[in-house]
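Only this structure's heavy atoms are used, side chains among them; waters, hydrogens and symmetry mates stay out. Treat the numbers as computed from the prediction; the structure is a model and nothing was measured.
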Protein chains: 2
Amino acid sequence: MSTKPHYSISDLAQEFDITTRTIRFYEEAGLLLPERNGQTRIYTDEDRVKLKLILRGKRLGFSLAESRELIDMYDPNSDNTRQLNALLSKIQARREQLERQLEDIHLMQAELDAAEERCRDALNLTQPATDH
Amino acid sequence: MSTKPHYSISDLAQEFDITTRTIRFYEEAGLLLPERNGQTRIYTDEDRVKLKLILRGKRLGFSLAESRELIDMYDPNSDNTRQLNALLSKIQARREQLERQLEDIHLMQAELDAAEERCRDALNLTQPATDH
DNA sequence: TAAGACGTTTACGTTAACGTAAAGCAGGTG
DNA sequence: CACCTGCTTTACGTTAACGTAAACGTCTTA
């Protein structure tokens with residue numbers, strides 16, 4: 001038997017440094033569907049993972065709708081063979097987007113390098129000789 | 001003497017697959033400041049580079065305000081020594097953000113791998129023996 | 001039992017990043 | 001000259017992703 005920890009809404013809010021409103025909003029958007037104890041939401045480890053995926057997607061500039069696709073991929077309940085091939089092509093599309101982002105990041109890093117050098121040069125011209 | 005090509009607003013719109021409205025909006029937001037021939041905007045190569053930076057930032061989930069900071073770094077007109085150190089720390093912050101995004105991308109790629117494998121497994125169970 | 005901490009729903013407000021008209025000027029062409 | 005093409009400004013509309021406030025339930029702790 002596996003241990004099944006669960007979390008309150010504020011547990012997760014605190015852990016990921018977001019508000020409870022945000023979490024409820026994600027539920028409204030159909031990205032989460034926690035169990036309930038009466039009115040109170042109860043989050044499982046799976047919900048926690050989904051939230052993590054959402055936030056990671058957000059950091060990469062994905063919309064919630066896009067993140068939902070990612071979560072749907074992660075969901076092991078898509079057993080329709082017909083859909084699986086569609087999923088595979090979506091996965092491929094994602095992969096290509098990530099490749100583009102990787103390239104963007106490398107380009108950006110190179111430009112930060114250049115910008116930093118320009119800055120340092122400008123400072124050196126002001127403070128000519130740093131003989132200790 | 002360097003050749004100084006210039007572009008119309010629709011030249012750039014077409015090249016980057018955005019609307020002219022978008023480009024004017026970026027100007028409104030203070031990210032671009034093209035020359036004018038009367039009323040008509042004339043874009044230099046430098047403007048083109050800035051636009052490129054904005055769009056790259058966008059792909060990485062940056063806001064326009066953040067992209068403006070990137071452009072300001074790129075601008076060689078920040079000659080105030082006092083500001084340069086602030087710039088350097090901003091550059092550093094950017095760098096760390098990019099590192100985080102890199103990590104996010106790698107994690108995401110790993111999960112796409114896993115998702116793909118699950119898909120393929122599911123398909124193989126349906127189509128058991130692929131003896132040609 | 002009153003207060004405080006935590007949860008809930010409902011609903012209107014806000015910001016960013018454009019979209020979408022509407023109305024008009026400027027230059028070239030049949 | 002009338003028309004078309006491409007540019008302009010002004011201004012209101014829209015969508016996503018929450019923020020914020022109101023009003024209420026529930027538990028526990030002083």
Inset, instruction - Would you mind checking if A:E27 and A:R36 are paired as a salt bridge, meaning a charged N to carboxylate O distance below 4.0 Å? - result: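 A:E27 and A:R36: salt-bridged.
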Heavy atoms, side chains only, cut-off 4.5 Å: are [X] and [Y] in contact?
X: A:I54; Y: A:K58; result: no
X: B:L12; Y: B:T20; result: no
X: A:K90; Y: A:R94; result: no

Legend entry - Residues which pass side-chain contact (heavy atoms from CB on, under 4.5 Å) with B:F25, listed by chain and number, not counting sequence neighbours: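 B:R21, B:L64.
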Inset, instruction - Kindly write out the residues that satisfy side-chain contact (heavy atoms from CB on, under 4.5 Å) with A:Q14, not counting sequence neighbours, or none if the list is empty. - result: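 In terms of side-chain contact (heavy atoms from CB on, under 4.5 Å), with neighbours along the sequence ignored, A:Q14 is linked to no residue.
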Inset, instruction - Report, as yes or no, whether the 6.0 Å neighbourhood of atom CD on A:E96 holds more than 12 heavy atoms from other residues, nucleotides or ligands. - result: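 Yes, because the 6.0 Å sphere around CD of A:E96 holds more than 12 heavy atoms from other groups.
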Legend entry - Greater than 12 external heavy atoms within 6.0 Å of A:E15's CD: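 Correct, the count exceeds 12.
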Inset, instruction - May I ask you to establish whether B:R56 and B:F62 are in a cation-pi arrangement, using a distance under 6.0 Å from NZ or CZ to the six-membered ring centre and at most 45° from the ring axis? - result: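 Output no; distance or angle outside limits.
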Legend entry - Cluster overlap A:L107 with B:L51, hydrophobic side-chain contacts below 4.5 Å: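 Different clusters: A:L107 never reaches B:L51 through Ile, Leu, Val, Met, Phe, Trp or Tyr contacts under 4.5 Å.
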Inset, instruction - State plainly whether one hydrophobic cluster holds both B:Y26 and B:F16, where clusters connect Ile, Leu, Val, Met, Phe, Trp and Tyr through side-chain heavy atoms under 4.5 angstrom apart. - result: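 Yes, same cluster.
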Inset, instruction - May I ask you to evaluate whether B:T22 reaches the phosphate of C:dG19, defined as a side-chain N or O under 4.0 Å from OP1 or OP2? - result: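 True: B:T22 side-chain N/O within range (under 4.0 Å) of C:dG19 OP1/OP2.
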Inset, instruction - Please report the closest heavy-atom contact between A:Q101 and B:L60, naming both atoms and the distance. - result: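 So the minimum-distance heavy-atom pair works out to O-CD2, 3.9 Å.
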Pairs under 3.5 angstrom, nitrogen or oxygen only, protein versus nucleotides 22-28 of chain D, please.
none

Inset, instruction - Answer with yes or no whether the side chains of B:Y7 and B:D45 bring together a donor and an acceptor at under 3.5 Å. - result: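 Indeed, the side chains of B:D45 and B:Y7 share at least one donor-acceptor pair under 3.5 Å.
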Inset, instruction - Specify the residues of residues 30-39 of chain A, ordered by number, for which at least one heavy atom lies under 4.0 angstrom from an atom of DNA chain D. - result: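 DNA chain D contact set from residues 30-39 of chain A: none.
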Dump the pairs, protein N or O against N or O of nucleotides 10-17 of chain C, anything under 3.5 Å, distances to one decimal.
residue, atom, partner, partner atom, Å
C:dA17, OP1, B:L64, N, 2.8

Inset, instruction - Would you mind reading off the distance between A:R24 atom CZ and C:dG7 atom P, rounded to a whole angstrom? - result: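 The answer, rounded to whole Å, is 8 Å.
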Legend entry - Within residues 7-19 of chain B: residues closer than 4.0 Å to DNA chain C (heavy atoms):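 Hits under 4.0 Å, by residue number: B:T19.
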